[in-house]
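Right, one structure below, let's go through it.
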Protein chains: 2
Amino acid sequence: MKNINNINNKDINNNKINNKIYEKLKCRAELLLTFLNEHKRMPSYSEMMPLFSLKSKNAVFKIVNNLQKEGFIIKDDKGRIVFNSDFFSPAFSIKLLGRIEAGFPSPAEEELLDMISIDKLLIKNPVSSFLLKVTGDSMTEAGIMPGDYVVVDKSGTAAEGDIVIAQVDNAWTMKYLAKENGSYILLPANSRYKAIKPKNELVVAGVVTGVVRQYK
Amino acid sequence: MKNINNINNKDINNNKINNKIYEKLKCRAELLLTFLNEHKRMPSYSEMMPLFSLKSKNAVFKIVNNLQKEGFIIKDDKGRIVFNSDFFSPAFSIKLLGRIEAGFPSPAEEELLDMISIDKLLIKNPVSSFLLKVTGDSMTEAGIMPGDYVVVDKSGTAAEGDIVIAQVDNAWTMKYLAKENGSYILLPANSRYKAIKPKNELVVAGVVTGVVRQYK
DNA sequence: TTATACAGTGAACGTTCGTTTACTGTCAAG
DNA sequence: CTTGACAGTAAACGAACGTTCACTGTATAA
């Protein structure tokens, strides 16, 4: 650790240089991302040469090492490189910009590090998650409209207030899970529907962890 | 083309066999998908050997060719294999099951061919799309709640009825685009707000093509 | 039974991979 | 000016790659 009082001109200059180097690396990481989006796989070192406008594989090699040092990419046990999924999605990445009310960001503000994958955002557990298309309007007041897709995780344990996929009296439905007089009931998010109080047992098949809607 | 009248027993038997072969191929495609989700890259032939419980690289080679013949995967110009993106996402894939009211599908019904990527579903144009976090409740009745993310495509042309990100009178907002007396106005989807009739020009920055909500 | 088709084995081939070593030019610090 | 750090070039290396060839066993069709 460096004492804040000991920072001298050299450190400041180094930071300035390091930032410049970092910017160049980030630019090259973007080139890799473009290739990945286009080819659905990472380029080899030979393929990176024209990508980075270089004539030597060794130059690529050094750059890849620096990219790894900065955390952009990771080399797996076989020496193959993949994007660090903390920063990047292995597939489609999308720029996450600010909030709407905050004003529309200028292109210059578009930060590479804020690229995320919607898949990664919504799916914490790819194996036990699946998608269901919503029919019916019993959850419209919770913002879940007919035709939306819901991401369901069947491995999670449902808690009060969660939206769950449940089987009650031999029919499947999606409702809020709530408690009344010590027993679980299902609440719709539409004032035109009534709460469901299961006569028999309540089987919860999964917890809704996300909602996806697609406009044409 | 085969005439329907000419189908004989041999054809029927061949179909039965072909279905069995297809099932086995599909099963192996699933193994590849599992590897892909785990390692964020495709396995090499050597890595597929233990994956398929085989002892010969050539067996893998033949299987890969069959997978390509059936359209599961594609070999690019470098001979490297990637999943056919018509069927599979290169990243997280998620099983798309039926509709909720249709009953909950049994695991046996889970069809591999219905695996999709949410990214691919929502993002038609990765370059010109980005994500915005929603603040404010002016679109709640359209199912867009505060805290949701909206996918915005800035390359599309907005039409009447679209939800757009627009700059009006020096403020950014998300509203329905509508027409009144020949000029464009912005309609909120919340009865507590009024329509916006821009005094000056209306700048549409992008069209909302999707909505994403994440529950904890 | 014989013939045919096909999944899988095993060894070999040329190519490409990621990596290493040695060298060149450039730029800033001392 | 000298020196060190660093980006890039060029050539070479073993290892791993995708592919091919020859062969084995098994199951179905004639």
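Excluded from the calculations below are hydrogen atoms, water molecules and symmetry mates; all remaining heavy atoms, backbone and side chain alike, are included. Protein chains get the first letters and strands the later ones, always in sequence-line order, with residue 1 at the start of each. All of these numbers come straight from a predicted model, not from anything done at the bench.
In this view, B:R41 and A:D76, B:E47 satisfy the salt bridge (Lys or Arg N to Asp or Glu O under 4.0 Å) rule, not counting sequence neighbours. Residues that satisfy the side-chain hydrogen bond (donor to acceptor under 3.5 Å, both in side chains) test with B:K75, not counting sequence neighbours, are B:N65. Remark: A:A189 pairs with A:M139, A:E141, A:A142, A:Y176 by the side chain to side chain contact (heavy atoms under 4.5 Å, CB included) rule, at least two apart or across chains. In this structure A:D148 satisfies the side-chain hydrogen bond (donor to acceptor under 3.5 Å, both in side chains) test together with A:R213, sequence neighbours excluded. Annotation: side chain to side chain contact (heavy atoms under 4.5 Å, CB included) contacts of A:T140 (sequence neighbours excluded): A:D137, A:M145, A:P146, A:N190. The side-chain hydrogen bond (donor to acceptor under 3.5 Å, both in side chains) check on A:K55 picks up nothing, with sequence neighbours excluded. A search for ring pair (Phe, Tyr, Trp, His ring centres under 6.0 Å) contacts involving B:F35 returns B:H39, not counting sequence neighbours.
A donor-acceptor pair is defined here as one N or O able to donate and one able to accept, closer than 3.5 Å; no such pair exists between the side chain of A:S53 and the backbone of A:M49.
Rounded to whole Å, the distance from CZ on A:R41 to C1' on C:dC17 is 12 Å. Distance, A:K55 NZ to C:dG25 P: 14 Å, rounded to whole Å. Taking atom NZ of B:K78 as the reference point, atom C1' of C:dT15 lies 10 Å away to the nearest angstrom. Spacing between atom CZ of B:R80 and atom P of D:dT19 amounts to 11 Å, rounded to whole angstrom units. Rounded to a whole Å, the CG atom of B:N66 is 13 Å from the C1' atom of C:dA5. Nucleotide C:dA7 holds its P atom 14 Å from the CZ atom of B:F61, rounded to whole Å. In this structure, the CG atom of B:L54 is 11 Å from the P atom of C:dG10, given to the nearest Å.
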Interface polar pairs with nucleotides 12-14 of chain C, N/O, under 3.5 angstrom:
none

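Listed here is the closest heavy atom pair of A:L186 and A:A166: CD1-CB, 4.0 Å.
The listed nucleotides are D:dG8, D:dT19, C:dT9; the one nearest the side chain of B:S56 is C:dT9. Out of D:dT9, C:dC17, D:dT19, the shortest distance to the side chain of A:A59 is found at D:dT9.
For residues 40-70 of chain A, no residue pair satisfies the ring-ring contact (aromatic ring centres under 6.0 Å, His included) rule, not counting sequence neighbours.
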Original post:
Given Watson-Crick or G-U pairs with both distances under 3.5 Å, what dot-bracket string fits DNA chain C, with | for other-strand pairs and [ ] for crossing?
Top reply: ||||||||||||||||||||||||||||||

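To the nearest 0.5 angstrom, A:K62 atom NZ is 14.5 Å from A:L67 atom CG. A distance of 10.5 Å separates CD1 in A:I74 from NZ in B:K40, rounded to the nearest 0.5 Å. Rounded to the nearest 0.5 angstrom, A:L32 CG and A:I81 CD1 are separated by 6.0 Å.
Residues of residues 43-52 of chain B that place a heavy atom closer than 4.0 Å to DNA chain D, in numerical order, are B:S44, B:Y45, B:S46.
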Original post:
Would B:I165 and B:L132 count as a side chain to side chain contact (heavy atoms under 4.5 Å, CB included) if you check the C-alpha gap in whole Å, the side-chain angles of each, and the deciding distance to 0.1 Å?
Top reply: CA-CA 10 Å; B:I165 306 293; B:L132 277 179; 4.0 Å; yes

**OP:** Sugar-phosphate atoms are those with a prime plus P, OP1 and OP2; base atoms are the rest. Using that split, label each nucleotide of nucleotides 21-27 of chain D B, S or - for protein heavy atoms under 4.0 Å, 5' to 3'.
**Re:** BB-----

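The side chain of B:K75 places an N or O atom within less than 4.0 Å of a non-bridging phosphate oxygen (OP1 or OP2) of D:dT19.
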